[in-house]
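Values in this document were obtained by computation on a predicted structure and should not be read as measured data. By convention in this document, chain letters (A, B, ...) are assigned in the order of the sequence lines, proteins followed by strands, and residues within each chain are numbered from 1.
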2 protein chains.
Amino acid sequence: MNGDDREAAILETCEVLLETHSLHELSVDVIARGAGISRSSFYFYFPSKEAVLLSLMDRVIGEANARRDAAFAAVGPDPRELCRVGITAFYDTFREHRAVSLAAADSRDRLPEARELWSRVMDGWVELTAGLIALQPRTGAAAAVSPRDLATALNLMNERVLHATFAQDTPSIDEASVVDTLVAIWTAAIFGPAPDPGTTPERT
Amino acid sequence: MNGDDREAAILETCEVLLETHSLHELSVDVIARGAGISRSSFYFYFPSKEAVLLSLMDRVIGEANARRDAAFAAVGPDPRELCRVGITAFYDTFREHRAVSLAAADSRDRLPEARELWSRVMDGWVELTAGLIALQPRTGAAAAVSPRDLATALNLMNERVLHATFAQDTPSIDEASVVDTLVAIWTAAIFGPAPDPGTTPERT
DNA sequence: GGCAAAATCGACACGGTGTCGATACGCTGC
DNA sequence: GCAGCGTATCGACACCGTGTCGATTTTGCC
């Protein structure tokens, strides 16, 4: 087993262990043993277990962005559709990597690098959302607040709500209805009154 | 200095230290020294530094609830006003105890007792909000999703947005506009279109 | 086969935690 | 005043996880 394989094994082991334990419950020893090496060998590959999480975060974030871009490319310019597919892309990715997402959020407060990484990601989403909001007529909540503030609040809501759903917190929203709930709030806040029921996007 | 004073000193010291350091950056030693006792004496009062945080959380939560109830009692039954004063009560309390609020959120993921305590608090707010939503005509986002899901999402949004504001995260909303932003989204989601500007609640 | 680089490991020192037993303090009743 | 008891304090200890270092083995290449 060469170095790259070993590094992949550490990442894989860590992601699996995070399904059942928080990062701070894991010791470097168990991660290393899980990947088939001794604790001190672990430090040949990563400077700390936190660095492993950072690496996992990177992968998940890359996937989320790719999925979002693909989804945007696949739908028309209808802004309601853009909201829905964007939120869905976010949801799908972080759901697939539930453990990493939850661990990342958990350690964000005490890991400056994780915080910064996540900041950049969220800022990208906010930027995108604010741009979309600015193009809409100022109805709904958008009438009273700046597009950027509105975009920030909505994106932070998504983050927290999905975290609660994946962690099965109390209170939280079922997986089955969480995306619909978020989309409904985004729609009400950005576009105001529900669209004329006679003109759904699909109809001509 | 008797036992009660000493316990109070520990709580006070810890809250002050949390203004500048996260809980995991604090050792029992520095908290104890700050309160004028040795590390081992600390354990006479609290089983761990986490228990100190729990105690601090209890006080803040009690204050938030009291403030909310007082605010509700002080305004009429207009649901828009109820939303605004409820959110403001939440904001004011957690702003005054910024350090404790942030530390609490930070340690929620790895402290089961903190999680449970916070769960109960959030559930109380959600219950209240869902009741209020159920009384409204089903417009806005409320048309499509259950009152409880909507209430959950809105309250989680408040939690996360205020956390970001107090932590001065990127992205986050300025203190000056954060309450307005939240109220605007709540209003759009629960009540739908903005109220007819000519019919403020006070009119008959 | 030999050699350098890659990879592995055991041993160490450090820092924080929580416990224990010994001791000092302070009040109450005599 | 002091005996006695519960309250409060402390130092010493054992434990656990971390990260480093130097020595050793393994790998891949000429």
Whether B:Ser41 contacts D:dT9 is assessed here as follows: a side-chain N or O lying under 4.0 Å from the phosphate OP1 or OP2. Is that the case? no
Selection residues 39-61 of chain B - residue pairs positive for salt bridge (charged side-chain N to carboxylate O under 4.0 Å, His left out), sequence neighbours left out: B:Glu15-B:Arg59
Heavy atoms under 4.0 Å is the rule here; annotate nucleotides 11-20 of chain C 5' to 3' with B where the base is hit, S where only the sugar-phosphate is, and - elsewhere. ------BBB-
For A:Glu113, what residues pass the salt bridge (charged side-chain N to carboxylate O under 4.0 Å, His left out) criterion, not counting sequence neighbours? none
Measure NE2/A:His24 against P/D:dC16 and give the value in whole Å, please. 16 Å
Specify the separation, in whole Å, of atom CG of A:Leu23 and atom P of D:dG17. 14 Å
Separation of C:dA6 atom P from A:Asp4 atom CG, nearest Å, is 12 Å
Pairing residues for B:Glu96 by the salt bridge (charged side-chain N to carboxylate O under 4.0 Å, His left out) criterion, not counting sequence neighbours: B:Arg67
Rounded to whole Å, the CD1-C1' distance (A:Ile37 to C:dA6) equals 13 Å
A:Phe46 CZ - D:dT18 P separation (whole Å): 15 Å
Pairing of B:Arg84 and B:Asp180 as salt bridge, 4.0 angstrom limit: yes
Separation of B:Asp5 atom CG from D:dT7 atom P, in whole Å? 16 Å
Return a table of donor-acceptor pairs under 3.5 angstrom between the side chains of residues 121-136 of chain A and protein atoms on other chains or two or more places apart.
from, atom 1, to, atom 2, distance (Å)
A:Asp123, OD1, A:Arg148, NH2, 3.4
A:Glu127, OE1, A:Arg148, NH1, 3.4
A:Thr129, OG1, A:Trp125, O, 2.6
A:Thr129, OG1, A:Asn155, ND2, 3.0
A:Gln136, NE2, A:Leu132, O, 3.4

Separation of A:Arg33 atom CZ from C:dT8 atom P, in whole Å? 12 Å
Any residue meeting side chain to side chain contact (heavy atoms under 4.5 Å, CB included) with A:Asp109, in chain and number order, not counting sequence neighbours: B:Asp106, B:His163
